[in-house]
Chemist: 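Before I ask anything, here is the structure I am working with.
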Amino acid sequence: MNKFLIFLFLLVSLQAGATVKVEKVYLEKKFAGYLISNKFFKTILITPNNLKSNHYATDIVRGGWFKSIVLKNSVELLGEGATPKGVIRYGLAQIFEPLVEIPKGQKELILPGVGRGTIDDKAALRITEFFPWRSSVNKVGENKEKLMVSFLQDCDNSKKELNYKMRIDCIFSDTSLVEIKGVFFNLSDKTLKARVSPTAVFNNSNSNLKPWIVVPYQQSRTVNKKRITYIDCEPIPIKDFHNYYEFTNNRLSKAKRWIAIGGLKQEGVFSFISKAVFEKVVFWKTDNCFSVFPYVNLEAKPKERVEWTWKLIVGRGMKTINNVTDKGLFGLKLRKYSHGKRYKCDMQFMPIASTEGAVMDILLKSSRGHILLTKSYETFGMSPLKPESITMKLSKKVKPNNRYLLKVDIFKDDDAFLTMEQWLFPE
């Protein structure tokens, strides 16, 4: 039995009764990647190793590259275009950026996860060889209910072993959450410092769309004649940004290790959760595309293994996002009634999986701890493609120039499903 038939048999056996399906993708009769699908979205994972893809940025890890992500009965979430520096990017790929000084006169350099390159007299890098990746597909999880597509790089194209091993694991389930794990094993005798980032590109050419981003960062404001510091999780329209902006570590939230993107085609939303603290978050835009991505720092000592983890959540229908967890996305917006001085609060929750019969308990307190409101809402079916939406009339005691703590507890079958807290600032 040839290798292709063996692999085909493996894929069929993996898909028997599975909620996550995988197919092998070919381009010009050559293996190009995998098509992964579940009931919420489908995606294509590719490994573009050919030198003709050199102009698609030299710092991109080519293992586990998401070429596209398409929601069910919807359109593509990801895009393609040139950065402000003219480098072409597309889809979702990881940047592995070694923080090393290049000795004067050095003409060759190896970029882990990428390949071998040459350095000219102007210190410009040109990749001459993209190192290959080997891939595999396996069932994982307690009940083998998840699907893991792994990409391994440990040698060059001549089969010569490298002084490192890198593995990218993409883990799929019957939810809209994808776990992306990276492993770097330093086999050299020198410590390697690096930073890693998941870089997703989104279209920005449709004038009818108004995309926005959320990056939890430290802000201050005056409330009731007092200056307070808080973590701002309000969406920012990308039209309000310059072409390039960095959220630095000293202002980023250390607890809320996530970013979110919304306002995409057909109300598509996109978010990342990190296990590690962000070193910085970078935003850039051009006339036809934009990107926002976090960096985390890594340090691999000789013969040491380091890991990093991203959790990607996709969906649609969220008007705003103020909190991201591995259970789902939460959004709220305060509004005044058209008549009178009372406020109402629009709330949304988008779980990562289809959820029936959940109960949402709401508690609103003043800044001094006085309870102003308690409510319970029963939900009747929500999913990553259909968030739950609630409009709640607030107490007459909610006044402008004050702050209030909103606590939300979501229960499923009498078990605590999710707890979130959010400060409200009526204006």
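None of these values were measured; they are calculated from a predicted model.
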Chemist: Going from CE on M166 to CG on N186, what distance comes out if it is rounded to the nearest 0.5 angstrom?
Modeler: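 Atom-to-atom, M166:CE and N186:CG are 10.5 Å apart.
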
Chemist: As an exercise, state the distance from CE of M360 to CZ of F330, rounded to the nearest 0.5 Å.
Modeler: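 Answer rounded to 0.5 Å: 7.0 Å.
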
Chemist: Can you tell me if S220 and R227 form a side-chain donor-acceptor pair at under 3.5 Å?
Modeler: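 A pair is found: one side chain offers a donor N or O, the other an acceptor, under 3.5 Å apart.
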
Chemist: Given the rule in the ring-ring contact (aromatic ring centres under 6.0 Å, His included) test, do F272 and F293 qualify, once you have shown the distances and angles that lead to the verdict?
Modeler: CA-CA 9 Å; F272 284 113; F293 45 96; 9.6 Å; no

Chemist: Considering only heavy atoms from C-beta outward, does the side chain of M392 approach that of M347 to under 4.5 Å?
Modeler: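 M392 reaches M347 side chain to side chain.
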
Chemist: Taking the side chain as every heavy atom from C-beta outward, state whether I168 and K181 have any atom pair closer than 4.5 Å.
Modeler: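 No - every pair of side-chain heavy atoms lies 4.5 Å or more apart.
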
Chemist: Decide ring-ring contact (aromatic ring centres under 6.0 Å, His included) for F202 and F290; before the verdict, give the C-alpha distance in whole Å, the side-chain angles of both, and the deciding distance to 0.1 Å.
Modeler: CA-CA 5 Å; F202 307 94; F290 73 95; 5.3 Å; yes

Chemist: Would V114 and F131 count as a side-chain contact (heavy atoms from CB on, under 4.5 Å) here? Give the steps.
Modeler: CA-CA 6 Å; V114 183; F131 295 150; over 6 Å; no

Chemist: Identify the two heavy atoms, one from I352 and one from P384, that lie closest to each other, and give their separation to 0.1 Å.
Modeler: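 In this case the closest contact between I352 and P384 is O-CG, 3.2 Å.
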
Chemist: Under 3.5 Å, side chain of K159 to main-chain N/O of N157, donor-acceptor pair present?
Modeler: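 Such a contact is absent between K159 side chain and N157 backbone.
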
Chemist: Treating K412 as the side-chain partner and E356 as the backbone partner, does any N or O pair qualify as donor plus acceptor under 3.5 Å?
Modeler: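 Yes, because the side chain of K412 sits within donor-acceptor range (under 3.5 Å) of the backbone of E356.
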
Chemist: Check whether any side-chain heavy atom of R89 sits under 4.5 Å from a side-chain heavy atom of T83, and report yes or no.
Modeler: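 Yes - at least one pair of side-chain heavy atoms lies under 4.5 Å apart.
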
Chemist: Is it the case that the side chain of E145 and the backbone of N143 share a donor-acceptor pair, with hydrogens and angles ignored and the cut-off at 3.5 Å?
Modeler: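 Yes, E145 side chain to N143 backbone: donor-acceptor pair under 3.5 Å.
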
Chemist: Could you check whether atom NZ of K146 has more than 12 heavy atoms from other residues, nucleotides or ligands sitting under 6.0 Å from it?
Modeler: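 Not more than 12 within 6.0 Å, no.
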
Chemist: Supply the atom-to-atom distance L406 CG to L424 CG, rounded to the nearest 0.5 angstrom.
Modeler: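 Taking CG in L406 and CG in L424, the distance rounds to 5.0 Å.
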
Chemist: Less than 4.5 Å apart, any side-chain heavy atom of I228 and any of F425?
Modeler: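 With C-beta onward as the side chain, the pair touches.
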
Chemist: For D287, does the CG atom sit with more than 12 other heavy atoms under 6.0 Å from it, leaving out its own atoms?
Modeler: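 At most 12 heavy atoms, drawn from other residues, nucleotides or ligands, come within 6.0 Å of this atom.
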
Chemist: What do the steps show when you test S253 against F278 for side-chain contact (heavy atoms from CB on, under 4.5 Å), and what is the final call?
Modeler: CA-CA 8 Å; S253 171; F278 294 156; over 6 Å; no

Chemist: If we only count heavy atoms from C-beta on, is the L177 to F172 side-chain gap below 4.5 Å?
Modeler: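 L177 vs F172: side chains apart.
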
Chemist: Check step by step if side-chain contact (heavy atoms from CB on, under 4.5 Å) holds for L147 and I36.
Modeler: CA-CA 9 Å; L147 185 80; I36 315 293; 4.2 Å; yes

Chemist: How close do N249 and E279 get, heavy atom to heavy atom, and via which atoms?
Modeler: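 Minimum heavy-atom contact is CB-O, 3.1 Å.
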
Chemist: Surrounding NZ of K303 (heavy atoms of other residues, nucleotides or ligands, distance under 6.0 Å), is the total greater than 12?
Modeler: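 Yes, because the 6.0 Å sphere around NZ of K303 holds more than 12 heavy atoms from other groups.
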
Chemist: Identify, with sequence neighbours excluded, every residue that meets side chain to side chain contact (heavy atoms under 4.5 Å, CB included) alongside F411.
Modeler: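 With neighbours one apart ignored, the set is D361, D409, A416.
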
Chemist: Could you pull out every donor-acceptor pair under 3.5 Å between side chains of residues 308-317 and any protein atom, sequence neighbours left out?
Modeler:
residue	atom	partner	partner atom	Å
W308	NE1	Q94	OE1	2.8
W310	NE1	Q94	OE1	3.1
K311	NZ	D326	OD2	3.4
R316	NH1	K72	O	2.9
R316	NH2	K72	O	3.4

Chemist: Quick test of your reading: applying side-chain hydrogen bond (donor to acceptor under 3.5 Å, both in side chains), list the pairs with at least one residue in residues 290-302, sequence neighbours left out, ordered by first then second residue.
Modeler: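 Output for this query is empty, none listed.
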
Chemist: Looking only at non-hydrogen atoms, find the nearest pair between P216 and C233 and report the distance.
Modeler: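 Nearest heavy atoms, P216 then C233: CB-SG, 3.9 Å.
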
Chemist: Let's go through V196 and F184 carefully: what are the C-alpha distance in whole Å and the side-chain angles of both, what is the deciding distance for side-chain contact (heavy atoms from CB on, under 4.5 Å) to 0.1 Å, and is it a yes or a no?
Modeler: CA-CA 11 Å; V196 184; F184 183 84; over 6 Å; no

Chemist: Do Y217 and I236 touch side chain to side chain, with heavy atoms closer than 4.5 Å?
Modeler: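 Y217 reaches I236 side chain to side chain.
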
Chemist: Ignoring hydrogens and angles, tell me if any N or O in the side chain of E76 forms a donor-acceptor pair with the backbone of I69 under 3.5 Å.
Modeler: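 Checked: pair present.
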
Chemist: Hey, would you say the F283 and Y245 ring centroids sit under 6.0 Å apart?
Modeler: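 Centroid distance F283-Y245: not below 6.0 Å, so no.
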
Chemist: Decide whether a cation-pi geometry holds between K365 and Y404; the criteria are a distance under 6.0 Å from NZ or CZ to the six-membered ring centre and an angle within 45° of the ring axis.
Modeler: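 Cation-pi check for K365 and Y404: fails.
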
Chemist: Do F31 and Y34 have their ring centres less than 6.0 Å from each other?
Modeler: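 Under 6.0 Å, so yes.
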
Chemist: If you take all heavy atoms of A194 and P98, which pair is closest and at what distance?
Modeler: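 Closest heavy-atom pair between A194 and P98: CB-CA, 3.9 Å.
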
Chemist: Atom CG in L35, atom NZ in K24: separation rounded to 0.5 Å?
Modeler: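 Reported to 0.5 Å precision, the distance equals 14.0 Å.
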
Chemist: Any side-chain donor paired with an acceptor under 3.5 Å for Q218 and D232?
Modeler: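 There is no such pair between these side chains.
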
Chemist: Start with the C-alpha gap between F241 and W284, add the side-chain angles, then the distance that decides, and say whether ring-ring contact (aromatic ring centres under 6.0 Å, His included) holds.
Modeler: CA-CA 8 Å; F241 282 96; W284 60 258; over 10 Å; no

Chemist: So, Q348 and S389: side-chain donor and acceptor under 3.5 Å apart, yes or no?
Modeler: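 Q348 vs S389: donor-acceptor pair found between side chains.
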
Chemist: How close do F41 and S176 get, counting heavy atoms only, and between which atoms?
Modeler: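 Heavy atoms only, the tightest pair is CE2-CA, 4.0 Å.
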
Chemist: Below 4.0 angstrom, N of the basic side chain to O of the carboxylate: do R134 and D154 qualify?
Modeler: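 A salt bridge is present here (some side-chain N lies under 4.0 Å from a carboxylate O).
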
Chemist: Taking the side chain as every heavy atom from C-beta outward, state whether V281 and E246 have any pair of such atoms under 4.5 Å apart.
Modeler: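 No, every pair of side-chain atoms sits at 4.5 Å or beyond.
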
Chemist: Residues two or more places apart in sequence or in another chain: which of them pass salt bridge (charged side-chain N to carboxylate O under 4.0 Å, His left out) with D156?
Modeler: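 R116.
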
Chemist: Quick test of your reading of the model: are E427 and R221 salt-bridged, counting only N-O distances below 4.0 Å?
Modeler: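 Salt bridge: yes.
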
Chemist: Taking all non-hydrogen atoms of both residues, which atom of N401 and which atom of T222 are closest, and how far apart?
Modeler: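 Scanning both residues completely, I find the closest heavy atoms to be OD1-O, 3.7 Å.
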
Chemist: By the ring-ring contact (aromatic ring centres under 6.0 Å, His included) test, which pairs, at least two apart or in different chains, include something from residues 138-161?
Modeler: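 Those involving residues 138-161 do not exist here.
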
Chemist: Would you give the length of the straight line joining atom CG of L209 to atom CG of N204, rounded to the nearest 0.5 angstrom?
Modeler: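 Taking CG in L209 and CG in N204, the distance rounds to 8.5 Å.
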
Chemist: Ignoring hydrogens and angles, state whether a donor on the side chain of E388 or T379 is under 3.5 Å from an acceptor on the partner side chain.
Modeler: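 Note: E388 and T379 side chains miss the donor-acceptor criterion.
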
Chemist: I'd like to know if E267 and K319 make a salt bridge, using a cut-off of under 4.0 Å between side-chain N and carboxylate O.
Modeler: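 Salt bridge flag = yes for K319 with E267.
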
Chemist: Give a yes-or-no answer on whether the side chains of N203 and S205 include a donor-acceptor pair shorter than 3.5 Å.
Modeler: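 The criterion, which ignores hydrogens and geometry beyond distance, is not satisfied for S205 and N203.
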
Chemist: Under a 3.5 Å distance rule, please check whether R403 uses its side chain to pair with a backbone N or O of S367 as donor and acceptor.
Modeler: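 A pair under 3.5 Å: no.
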
Chemist: Could you give the distance from CG (L298) to CD (E97), rounded to the nearest 0.5 Å?
Modeler: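 Rounded to the nearest 0.5 Å, the CG-CD separation comes to 11.5 Å.
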
Chemist: Output every pair passing side-chain hydrogen bond (donor to acceptor under 3.5 Å, both in side chains) with a member in residues 160-175, not counting sequence neighbours, ordered by first then second residue.
Modeler: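 Checked against side-chain hydrogen bond (donor to acceptor under 3.5 Å, both in side chains) - neighbours excluded - the pairs reaching residues 160-175 are S150-D169, Q153-Y164, R167-D169, S173-T175.
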
Chemist: For the residue pair I238 and I261, establish whether any side-chain heavy-atom pair is separated by less than 4.5 Å.
Modeler: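 No, their side chains stay 4.5 Å or more apart.
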
